Amino acid sequence: MSEITKEIKKRRTFAIISHPDAGKTTLTEKFLLYGGAINQAGSVKGKATAKHAVSDWMDIEKERGISVTSSVLQFRYGGYCINILDTPGHQDFSEDTYRTLMAADSAVMVIDASKGVEAQTRKLFKVCVMRHIPIFTFINKMDREARDTFDLLDDIEKELGIATCPVNWPIGSGKGFKGVYDRQKKEVELFSDTHKGTAMGEVKKIDVNNPELDWILGTEAKVTLGEDIELLDGAAAEFEQELVNKGKLSPVFFGSALTNFGVETFLKHFLAMTSSPLPRMSDLGEIDPMTEPDFSAFVFKIQANMNKAHRDRIAFMRICSGEFDAGMPVYHMQGRKEVRLSRPQQMLASERKIVDKAYGGDIIGVFDPGIFSIGDTLTASKDRFTYEGIPTFAPEHFARVRQVDTMKRKQFVKGINQIAQEGAIQIFRELNTGMEEIIVGVVGVLQFDVLKYRLLNEYNVEIRLENLPYEHIRWIENEGINMDKLVGTSDMRKIKDLKGRPLLLFVHEWSIRMTLDRNKELKLSEFGRS
Ligand code: G4P
């Protein structure tokens with residue numbers, strides 16, 4: 001095995017998905033603590049104490065009203081080199097959040113034990129399912145009153161349509177939380193509160209048949225555990241690595257990120273069960289990092305220019321194969337020319353640094369003089385190939401946009417097109433009306449403010465946005481369908497995208513079903529091809 005292949009095999013690149021407040025930041029922090037990348041919890045992004053430690057560019061973004069975009073953290077643990085891709089929630093939710101999932105090889109889903117599956121988890125989960133990547137579940141906050149464990153699993157199975165396989169099982173919750181039972185080893189890991197988890201804590205394990213366990217757990221908890229185990233062994237899905245790899249079975253773990261309980265157990269199992277960098281589809285077939293020796297990567301995110309004076313940007317790329325050397329010449333497929341990737345950067349724990357070497361599985365951000373687009377391929381291979389594009393994700397908020405000064409039409413069109421090309425917004429026009437009206441679609445509402453701000457500051461164009469009631473958009477999969485003959489609902493609107501492809505907008509979700517019923521041959525998709 002070559003040195004490069006060895007490095008790639010060590011890589012584990014995954015995204016953490018959750019609904020805001022489920023504990024994603026806390027869990028990430030604890031991972032870093034075990035990896036030795038930080039020595040005190042509370043030093044990762046998002047926490048009040050640590051905001052300054054995070055990269056300066058984020059502050060600039062904030063000042064400019066631009067959302068803090070997904071970042072990547074790298075650390076080492078147990079011989080692995082781990083890349084965690086952050087998927088921002090709340091207001092910062094944008095198409096970038098979805099695109100980040102395109103760069104991951106697996107996903108960790110954090111669920112609040114008192115809440116179960118929540119809206120944002122559902123959205124992100126759909127993208128993981130589309131890609132068939134492995135999904136691991138960490139049910140967090142067991143130190144608080146939790147919902148019934150069987151109900152929680154049922155919720156995941158029904159809401160997300162994926163089978164679950166509990167690797168461990170909680171004993172009580174909240175004040176009565178005693179620990180977790182390891183189903184394979186048949187031992188109990190006892191809960192100990194590590195004072196908000198600033199220390200790693202001592203892990204105490206005891207065999208389930210050890211009589212001491214009766215008085216440690218108390219009779220009631222012990223009896224319940226016995227009953228649960230019996231039920232589980234009879235009813236729960238068996239662990240099958242093959243199904244996990246295909247994203248059809250999610251191994252489930254329980255714990256409490258805040259008190260640092262169950263985190264290392266999860267990390268160890270997860271790293272062993274998840275895969276090293278996966279092959280990716282290209283126009284020359286699958287490119288496998290284990291057999292493709294040369295560097296290749298694709299761009300999954302572009303961070304807009306931070307400085308008004310220079311239109312420079314940072315292009316984030318996922319390396320898919322080979323080794324990256326700073327300054328090496330690579331071929332940019334879409335630009336049809338050789339380029340040198342300059343100032344490559346990586347986020348290491350909470351700081352950004354310049355890197356000289358990176359490998360398949362890693363994420364780097366490079367200086368972009370405005371030549372890259374989302375989905376572009378870079379390769380050093382003689383057999384030039386292009387990776388499959390990144391789909392366009394369905395926006396959920398729409399507005400009609402007009403420039404205040406009609407004399408500035410040219411700047412307006414130029415600006416809005418450029419911002420759309422960067423992937424921050426999507427723009428549409430009415431189909432067949434000949435009207436020049438522009439409709440903007442965004443995944444997160446904050447993007448509307450970003451659009452307003454950037455058009456004013458970079459293109460000197462003031463705009464007015466008028467919200468539209470549509471919430472659902474569908475791409476039409478049948479090519480050549482007669483749009484005039486389509487029988488829709490009263491809340492439906494026919495539009496087209498930048499490439500002239502027809503789409504449908506709906507106010508209500510049930511209208512989509514009704515439209516499909518009325519037009520039997522119609523095929524709709526939630527994702528657009530790029
Ligand atoms: P997020 O990134 O998914 O949005 O969640 P985050 O980790 O910021 O956690 C949200 C809140 O939940 C935080 O409380 C955090 O301390 C708490 N939390 C996370 N994991 C656990 C857990 O296992 N048990 C309990 N009881 N709480 C947990 P906060 O009050 O909003 O912030 P802070 O005061 O802790 O900074």
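Both counts, for ligands and for their atoms, begin at 1 and track the order of listing. We're numbering straight along the sequence, starting at 1. Source: prediction; values computed, not measured.
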Polar atom proximity, Met142 to ligand 1 (N or O, under 3.5 Å): no
Mode of Lys141 contact toward ligand 1 - side chain, backbone, both, neither (heavy atoms, under 4.0 Å): both
Contacting atoms of ligand 1, where contact means under 4.0 angstrom from a heavy atom of Lys24: 1 (P), 2 (O), 3 (O), 5 (O), 7 (O)
Ligand 1 contact on Leu258 by region, counting heavy-atom pairs under 4.0 Å: both
Set of residues satisfying salt bridge (charged side-chain N to carboxylate O under 4.0 Å, His left out) with respect to Glu187, sequence neighbours excluded: none
Short N or O distance, Gly255 and ligand 1, threshold 3.5 Å exclusive: no
Main-chain N/O of Pro166 paired to Arg183 side chain as donor or acceptor, under 3.5 Å: yes
Atom indices of ligand 1 within 4.0 angstrom of Ser18 heavy atoms, with elements: 3 (O)
CE-CE distance between Met102 and Met130, expressed to the nearest 0.5 angstrom: 4.5 Å
Ligand 1 versus Asn140: contacting region, heavy-atom distance under 4.0 Å: side chain
Backbone N/O of Ala257 and side chain of Asn140: donor-acceptor pair under 3.5 Å: yes
Leu27 N/O to ligand 1 N/O under 3.5 Å: no
Phe261 ring center within less than 6.0 Å of Phe177 ring center: yes
Residue pairs, two or more places apart or on separate chains, that pass ring-ring contact (aromatic ring centres under 6.0 Å, His included) and touch residues 209-235: none
Residue Thr26 vicinity, atoms of ligand 1 by number, heavy atom under 4.0 Å: 6 (P), 7 (O), 9 (O), 15 (C), 19 (C)
Close-contact set for ligand 1 against Pro20 heavy atoms, below 4.0 Å: 4 (O)
Thr259-ligand 1 polar pair, N/O distance under 3.5 Å: no
N/O donor-acceptor pair under 3.5 Å between Arg131 side chain and Ala104 backbone: yes
Ser250 side chain vs Ile135 backbone, donor-acceptor pair below 3.5 Å: yes
